[in-house]
Structure formats: structure tokens, C-alpha cells
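What's counted below: heavy atoms across the whole structure, side chains too, no hydrogens, waters or symmetry copies.
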Amino acid sequence: LQFLYLIGNGCPPPSRPSPAAPPPRPHAEPLPLLLLFLFPPLPHTISMNLDQVMSHVPPNARDRNVLRLHVEKLLADSKGALVPSWEGEVVCKGTIPTIHQGKRYHTPVCFRIGQDYPAVPPNVSVVPQETMLPYTKAKGYIITMNGQLTVPYQQSWHANCNLATLVTEMQRLFQIEPPLYAVPAGYRQTHGLRQSRPPYGPVDPNVMSRVQRILEAEVFPSGGYADRVRVEGDIAETIMKYPSLGVLKAATEGGAKVAVLEGTVPTRYKNNVYNIPVQIVVPRLFPQPLKDGIPAPRVTPTPDMRIKPQHRHVDTRGMVYCEYLNQWQMHSVLHEAVAQVIQVFEGDPPVYAVAQPRPQPAAQPARPAQPAAQPAAAAAGNRSAKDALLAKLSGDLKVTELPEDDDSEDKACVVCQTNQKDCLCLPCKHVCLCAECLKQVVGTSMKCPMCRVDLSDAIVNIFN
């Protein structure tokens, strides 16, 4: 290539000197060209691609200049072996050279750098081809069957770390033990190996599109989640099986955005069904069997609940521990973890209700005749929904207590389990509260105890 480059620029090719004659004097012009060949700048095409990629980085990124500088250094050191792209974050895919036992290999890798870089380390994975398998027994670093890679340099990451040093550390570790080994063609199909988990069951397209829309808008742009298809499928499948866990939102964990499922899980205890409020954090390294990869369910009691002390599976903070989470593997799935959490709660509920004193209504004097009632909207004016509901519940409320021999779960209020449920929550249309408990809920959480949806209105004493 150097020879053709010099010829194209009008420089004569170097002639082989004869043994008798002294070597010819080198041409004076090719020296800077040779230096340019040995130390090339970033190729124009790659620089142009990087400009296009960096144009997608949001303005509120932590440090765009440092991000571009480190990515540019990574691409220059790779000499074209890594190619940048934008997939909701800066992604560099390609190969890095690895020397093992005197032989040179090209290891396929993928770097995902989020907008919180350099405060948050990049997500690194190897990309095994059809005739490759990850060497999960390697010492000195962690690699999963899905190719997710974790090296000590990432675990001790701080704001002064950079991508070039990370690649150097990876090459040093790969020189001792390569991350991949070769297998014959068709080995995966013959031995029934899978990337991360069994195929998904049928998922409602509407649920999947809603999950993808929320994740792509609020979670994925900040980085994390190397296997995003797996994250979307697990969350959508869990919502399909447990619709009461249908509140999906983003939360900040370790400087990066993660997906969080909120809602309730139905728990049957002594022939009654209770809805335990929970929150499930899907960490950024999901589904790896690491501390930051295992789902973290937590009980979130309402103001009229308390966590049971000295519970076998729930600590004082509400964190849930069970055998399925302790033995989490790459092929474990989120909805199975929720199923075992429910099984644990059915054996021993993690919360109990706090008895609230019932206020005695004071005798009110006779009121003079009032003019015709105005519409509710005009009477409420600009007051909030909470003030309007409190005004509605300020008068005398009729409460029907259940007979002692009536243990029907269809009639009892889900909060006190004593009075008959007689109030319709709006907009969710759940009939689940008595009038007294509705007043307590309006004064505290303003959420339906069945689905945790914010209340906008309620109809009292619908059966009377």
C-alpha cells in the first residue's frame, strides 16, 4: 500500500541496491508521507460518521466534549476496526486485536456509551459468531453466555477513566484467557444452546408497543441494557401475566436510568385476596446474574399498612428475598420471579393493616332551606379533585357492617375487611371501599387500593 501510494504521488519506487554499489540516497519527499502512513489521523469517513453520531447526543448529556474525545481516541486506536453508530446511545462495534500464545486473533466486541459517560462506565460485550461460544469459566473477568463482559476496570470505574485504558485492560486479560473459543458449525443447534432465555410466549402487540415506547423515550437514551430485546420482552410478558403491575416508568439508579414496574400483586390468604403494593426495579445489567443484574422487588406499603417485623423474606426496608432470585441465571425470567414472590406472600403476608380510630360524626343543627343545588363542577370551582372529594365526604356517611358469619370476600371492604364495600372509585371504576375507608384514602394517598390509579372522583353509597 505504501508502494502504491508513493507511485500515485509521483515518487519513484525504491530500487534494490547492488552489492557492489552503495545504496542510493533516499528520496527527500516520501519522508513526511511515510510518517503520515505510520501515524494516520482519523479517516475522513469515520470522522464524518462520528460527527453524525454525536449530532444525536442530547444537549443535556453530562460531558459531550469528553465523550467525543474518548470515542475519537478509541476509533483512532482501532485503525478502522471499530465503527460508530447511534442506537439511542453511542455504539462502537467491530473487533479488537488479541494475542494469545503467539497467535493474533480479532475478538468481536461492542461498546455502548451512554450520555452519562464518563460518570457511568460503558456497557461492553463480546459478539460470538455462529462458530464461537463465550468461555464463561475465564478467570480475571466475568463473561456470560450472552456475551456480556465485566472486567475489574469497569467495577472500579470513576470519572477519570477512559475507553482506551479499558481496551488495554481487556487485551491484557484476553492474552491470558481468550473470551471466546471455536466450535464446529451447527454446534449450537445440535446441543440446544440458546443465547439468553427460551422463546417468549404470546404477547399482546399493544402491550409490547407501549413498553417499547416508554423504554425508548425514558430509559434507553441514558445507556445500559446490552440486551434490550430481552428487557422489552420480559417486561411485556410480566405485564401480560400480571396486569396490576402495569405502571412502567423510569428511575435513576447508579447514575443511569432503569425501568421500574409498579402496582400490586394479588395474594390469596385465608380465602381472601389481598393486593400487596410492590415495586420491581429492572437493573441496568439485567439479566446477568450479578448484583446490578438481578431484579429487585420491594414492598411499598400504603400509609395504612406496616411491614411485618422479622419477616423471613422481607426486610425492614421492604426488599424481598427468595430462592429464585438467589439462584438467578441468564435464562431466568422476570414473571417467574414475580410468581415466586406471590407464593412467598401467600405463605406469610409481608404487611398488616393499621387500625384507625373511627371518628364519631358530631350532631349538626338543622339547616335552613337552601336554594337549588348547583352543579358539582360549579360548586367545586377551581378546587382540586382532593378538595372536591373531601367536601363530598364531609357529611353523614352511611356504613353497612357485615354480619359476623358473612366471610364473603366479594362484599368486604379491601381495607378494613369489616364493612361492606359501597363506593365506586373513578376513573378506574373499582368498587372496593366503604365510605369511611374512602375518606381515609382521599386524605392520604388519593390512589385506588386495587390498581393504584390516582382518584379523580368517587360515587358513595352506590348500593343504598
Side-chain angles (χ1 to χ4, degrees), residues 120 142 150 155 219 224-225 231 234-235 238-239 241-242 244-270 272-356 414-417 440-441 444-445 447-452:
V120 178
I142 301 174
T150 304
Q155 296 175 338
V219 180
Y225 295 126
V231 174
D234 266 35
I235 292 178
T238 302
I239 294 176
K241 292 183 178 294
Y242 302 98
S244 58
L245 276 174
V247 180
L248 175 62
K249 64 180 186 179
T252 303
E253 182 186 77
K257 295 288 186 179
V258 295
V260 177
L261 280 172
E262 283 189 352
T264 61
V265 291
T267 303
R268 181 174 292 275
Y269 182 70
K270 292 184 177 180
N272 291 321
V273 177
Y274 301 93
N275 294 282
I276 308 298
V278 297
Q279 179 187 77
I280 302 176
V281 177
V282 184
R284 59 189 180 87
L285 297 182
F286 180 87
Q288 300 180 54
L290 302 173
K291 178 182 177 181
D292 294 333
I294 302 175
R298 185 169 68 92
V299 178
T300 55
T302 59
D304 55 350
M305 296 181 183
R306 297 291 184 272
I307 296 178
K308 187 178 296 184
Q310 298 181 353
H311 195 277
R312 289 184 56 190
H313 300 278
V314 181
D315 63 13
T316 55
R317 301 172 301 161
M319 300 303 298
V320 182
Y321 305 92
C322 62
E323 191 66 22
Y324 191 85
L325 296 175
N326 293 338
Q327 299 180 358
W328 183 270
Q329 301 294 330
M330 285 294 295
H331 59 268
S332 303
V333 288
L334 186 59
H335 72 85
E336 292 181 359
V338 176
Q340 188 165 27
V341 168
I342 294 175
Q343 184 178 357
V344 167
F345 290 172
E346 290 180 344
D348 186 9
V351 295
Y352 63 94
V354 179
Q356 300 286 346
V414 299
V415 175
C416 65
Q417 294 289 316
Q440 296 178 12
V441 169
T444 54
S445 64
K447 293 181 181 293
C448 172
M450 295 288 291
C451 62
R452 312 302 297 166

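Evaluation of the side chain to side chain contact (heavy atoms under 4.5 Å, CB included) rule for V441 yields L433, S445, L455 as partners, not counting sequence neighbours. Listed by chain and number, the residues in a side chain to side chain contact (heavy atoms under 4.5 Å, CB included) with P301 are V299, M305, I307, V351 (sequence neighbours excluded). The side chain to side chain donor-acceptor pair (under 3.5 Å) test applied to E336 returns Y324, not counting sequence neighbours. R298 meets the side chain to side chain contact (heavy atoms under 4.5 Å, CB included) test with Q279, T300, M319; sequence neighbours excluded. By the salt bridge (charged side-chain N to carboxylate O under 4.0 Å, His left out) test, K241 is found to be paired with no residue, residues two or more places apart in sequence or in another chain being considered. Looking at residues two or more places apart in sequence or on another chain, you find a side chain to side chain contact (heavy atoms under 4.5 Å, CB included) between L261 and I235, T238, I239, L248, I280, L334. In this view, Q327 and E323 satisfy the side chain to side chain donor-acceptor pair (under 3.5 Å) rule, not counting sequence neighbours. Every side chain to side chain donor-acceptor pair (under 3.5 Å) that T302 has, sequence neighbours left out, goes to D304.
Nearest heavy atoms, I142 versus Q155: CD1-NE2, 4.2 Å. Nearest heavy-atom pair across N275 and P266 is OD1-CA, 4.1 Å. Between C322 and V344, the shortest heavy-atom distance links the atoms CB-CG2, 4.2 Å. Counting all heavy atoms, side chain and backbone alike, P283 lies closest to G293 at CG-C, 3.5 Å.
One N or O on the side chain of S244 and one on the backbone of T264 form a donor-acceptor pair closer than 3.5 Å. Put simply, the side chain of R317 never gets that close to the backbone of V314: no donor and acceptor are under 3.5 Å apart.
Contacts classified as salt bridge (Lys or Arg N to Asp or Glu O under 4.0 Å) and involving residues 256-265 (residues at least two apart or in different chains) are given here: K249-E262. Judged as a ring-ring contact (aromatic ring centres under 6.0 Å, His included), not a single pair has a partner in residues 292-323 (not counting sequence neighbours). The stretch residues 274-299 participates, sequence neighbours left out, in these ring-ring contact (aromatic ring centres under 6.0 Å, His included) pairs: F286-W328.
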